[in-house]
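Before any comments, here is the structure.
Computed from a prediction, not measured in an experiment: that's the story for all the values here. Counting starts at 1 for both ligands and their atoms, following the listed order.
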Amino acid sequence: MTTTTTAHTNIALIKYWGKKDPQLHLPYTDSLSLTLDGYSTTTTTQFLPGRQDQVQVNGHPASPAFFQRVVNFLDLVRQVNHSQKGILVQTTNQVPTAAGLASSASGFAALAGSLNRLFQMNLTPTQLSCLARRGSGSASRSIFGGFVRWQHGTGDFDSYALPIDEHPQLPLTLLSVVFNGQAKKVSSTQGMEQAVQTSPFYPQWPQIVERDLDEMLLAIQKQDIAEIGQLAESNCLAMHALNWTARPFFTYFTAETWQLINLLPIWRQRGVLVYATVDAGPNVKLITNQETLPVVRKLVQSKFPQAQLTTLYPGPGLT
Ligand SMILES: Nc1ncnc2c1ncn2[C@@H]1O[C@H](COP(=O)(O)OP(=O)(O)OP(=O)(O)O)[C@@H](O)[C@H]1O
Ligand SMILES: C[C@@](O)(CCOP(=O)(O)OP(=O)(O)O)CC(=O)O
């Protein structure tokens with residue numbers, strides 16, 4: 001039997017940055033994201049005759065680190081199902097891998113979905129969200145479409161994501177600006193661990209998230225894109241400030257990331273609706289509306305002719 005599942009990446013508008021239980025991927029805070037239609041992962045799984053696993057990414061054998069992370073996840077699923085069978089995983093990322101564009105989110109959501117079918121586990125969406133979380137925290141949110149909240153919970157069984165609005169009607173539009181599609185040097189897992197352990201500002205992070213999240217829920221309810229953008233941008237900068245204040249400090253931003261972010265207040269002063277959010281990488285996602293998108297595209301193209309631009313809209317959950 002072969003089973004195929006597709007999951008989309010999501011962009012966190014209120015970020016997840018820090019685990020109180022690194023093994024179970026239990027976060028310190030809730031987070032809130034938008035699932036995106038453009039970037040996705042499609043994963044096929046099937047049983048192999050022996051006990052050995054095989055993992056292929058975009059048609060090539062996975063690197064040792066990639067292979068090991070997937071095998072750890074397969075072990076977890078095998079344990080639950082009392083199985084020792086080897087599994088072939090073939091996965092295709094329609095998103096640069098490990099470049100801060102949430103490949104781990106779509107990757108582990110798709111893998112969880114495919115294994116759910118392979119082992120005929122019949123998991124509910126909530127249980128699938130818990131399972132995907134064990135692969136990568138942000139994957140818990142990619143089970144659902146639209147706006148999604150991951151509640152941090154108290155343990156393995158109540159730390160899962162829930163949809164807030166699966167089919168948003170507001171004309172929210174994102175422009176992904178990719179300066180560099182290469183894999184980053186510090187993974188999200190490593191980066192957040194360093195911030196939690198050493199940034200003197202980390203103790204304030206849960207309070208910042210709580211306040212931003214409440215305000216974000218209201219902004220979504222009001223369908224106020226400017227308010228959503230403003231909150232997402234300030235929450236993102238607070239997250240990155242944890243990295244700049246870690247000891248030793250580190251940053252995912254490059255000169256181009258800064259250059260673009262510094263232009264935003266100038267463009268806003270001219271009346272352009274545009275805000276930014278950045279995950280664990282140098283690339284930026286601009287938040288705007290459908291009407292303003294052509295203006296934003298032109299502005300970005302004129303300043304960064306080499307950047308790769310992709311328009312993204314709210315996307316679906318697991319299929
Ligand atoms: N299709 C996939 N199937 C399974 N695992 C995947 C897949 N794509 C990526 N991954 C895993 O996710 C890792 C990348 O996650 P990492 O968090 O470092 O970077 P990212 O892609 O920038 O994601 P994020 O923005 O969520 O941090 C890969 O090294 C691999 O272990
Ligand atoms: C900046 C982020 O994108 C970090 C995502 O981190 P991951 O979910 O990739 O981390 P692990 O749980 O260690 O796999 C913010 C977010 O998506 O909320």
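- Each of the following atoms of ligand 1 lies closer than 4.0 Å to a heavy atom of T41: 1 (N).
- By the 6.0 Å contact criterion, NZ on K303 is open, its count of non-hydrogen atoms from other residues, nucleotides or ligands being 12 or less.
- Between N10 and ligand 2, no pair of N/O atoms sits closer than 3.5 Å.
- Set against the non-hydrogen atoms of S188, the atoms of ligand 2 under 4.0 Å away are 6 (O), 7 (P), 9 (O), 10 (O).
- At under 3.5 Å, a nitrogen or oxygen of S104, whether backbone or side chain, sits near a nitrogen or oxygen of ligand 1.
- For the residue pair S106 / S40, no side-chain donor-acceptor distance below 3.5 Å is found, with atom types taken as modelled.
- In A12, the part holding a heavy atom less than 4.0 Å from any atom of ligand 2 is the side chain.
- When each atom of ligand 1 is checked for a heavy atom of F108 under 4.0 Å away, the hits are 5 (N), 11 (C).
- When the heavy atoms of Y16, Y252, W150 are ranked by distance to atom 11 (P) of ligand 2, first place goes to Y16.
- Near T189, meaning under 4.0 Å from any of its heavy atoms, are these atoms of ligand 2: 11 (P), 13 (O), 14 (O).
- The distance criterion of under 3.5 Å between nitrogen or oxygen atoms is met by T91 with respect to ligand 1.
- Taking a 4.0 Å cut-off on heavy atoms, S138 registers as neighbouring ligand 1.
- Considering backbone and side-chain atoms together, S188 places an N or O closer than 3.5 Å to an N or O of ligand 1.
- Annotation: W17 places no N or O atom under 3.5 Å from an N or O atom of ligand 2; distance criterion only.
- In T92, neither the side chain nor the backbone holds a heavy atom less than 4.0 Å from any atom of ligand 1.
- R297 and T311 form a side-chain donor-acceptor contact under 3.5 Å, judged by distance and modelled atom types alone.
- With hydrogens and angles left out, the side-chain atoms of S114 and T3 include a donor and acceptor closer than 3.5 Å.
- Close approach to G107 involves these atoms of ligand 1, each under 4.0 Å from a residue heavy atom: 1 (N), 2 (C), 3 (N), 7 (C).
- A donor-acceptor contact shorter than 3.5 Å links the side chain of E233 to the backbone of A276.
- The atoms of ligand 2 that sit less than 4.0 Å from any heavy atom of A280 are 1 (C).
- Ligand 2 places these atoms under 4.0 Å from at least one heavy atom of S138: 7 (P), 8 (O), 9 (O), 17 (O).
- Within a 6.0 Å sphere centred on NZ of K85, heavy atoms belonging to other residues, nucleotides or ligands number 12 at most.
- Taking any N or O of N93, backbone or side chain, at least one lies under 3.5 Å from an N or O belonging to ligand 1.
- Polar contact check, G137 against ligand 2: a nitrogen or oxygen pair lies under 3.5 Å apart.
- Taking all heavy atoms of M192, H25, R69 into account, the minimum distance to atom 6 (O) of ligand 2 is reached by M192.
- A salt bridge links R78 with D53; the closest basic N to acidic carboxylate O contact falls under 4.0 Å.
- When F66, F67, F73 are checked for heavy-atom proximity to atom 10 (N) of ligand 1, F66 turns out nearest.
- Using a distance-only test at 3.5 Å, with no hydrogens or angles considered, a donor-acceptor pair links the side chain of N58 to the main chain of N93.
- The protein atom (non-hydrogen) at minimum distance from atom 2 (C) of ligand 2 is D279 OD1, 3.9 Å.
- Between S33 and the choices R149, K15, R141, the side chain to side chain donor-acceptor pair (under 3.5 Å) rule is met once, by R141.
- Remark: side-chain polar atoms of H240 are paired, donor with acceptor, to backbone N or O of V278 under 3.5 angstrom.
- The backbone N or O of S138 sits less than 3.5 Å from a side-chain atom of N10, completing a donor-acceptor pair.
- Note: an N/O pair closer than 3.5 Å links S104 and ligand 2 by distance alone.
- Here the CZ atom belonging to R247 is positioned 8.0 Å from the OG atom belonging to S199, to the nearest 0.5 angstrom.
- Remark: distances from the non-hydrogen atoms of L111 to ligand 1 are all 4.0 Å or more.
- Ligand 2 has an N or O atom lying under 3.5 Å from an N or O atom of R141, backbone or side chain.
- Under the ring pair (Phe, Tyr, Trp, His ring centres under 6.0 Å) test applied with W258, the options W244, F179, Y252 reduce to a single match, W244.
- Between Y313 and L172, the shortest heavy-atom distance links the atoms CD2-O, 4.1 Å.
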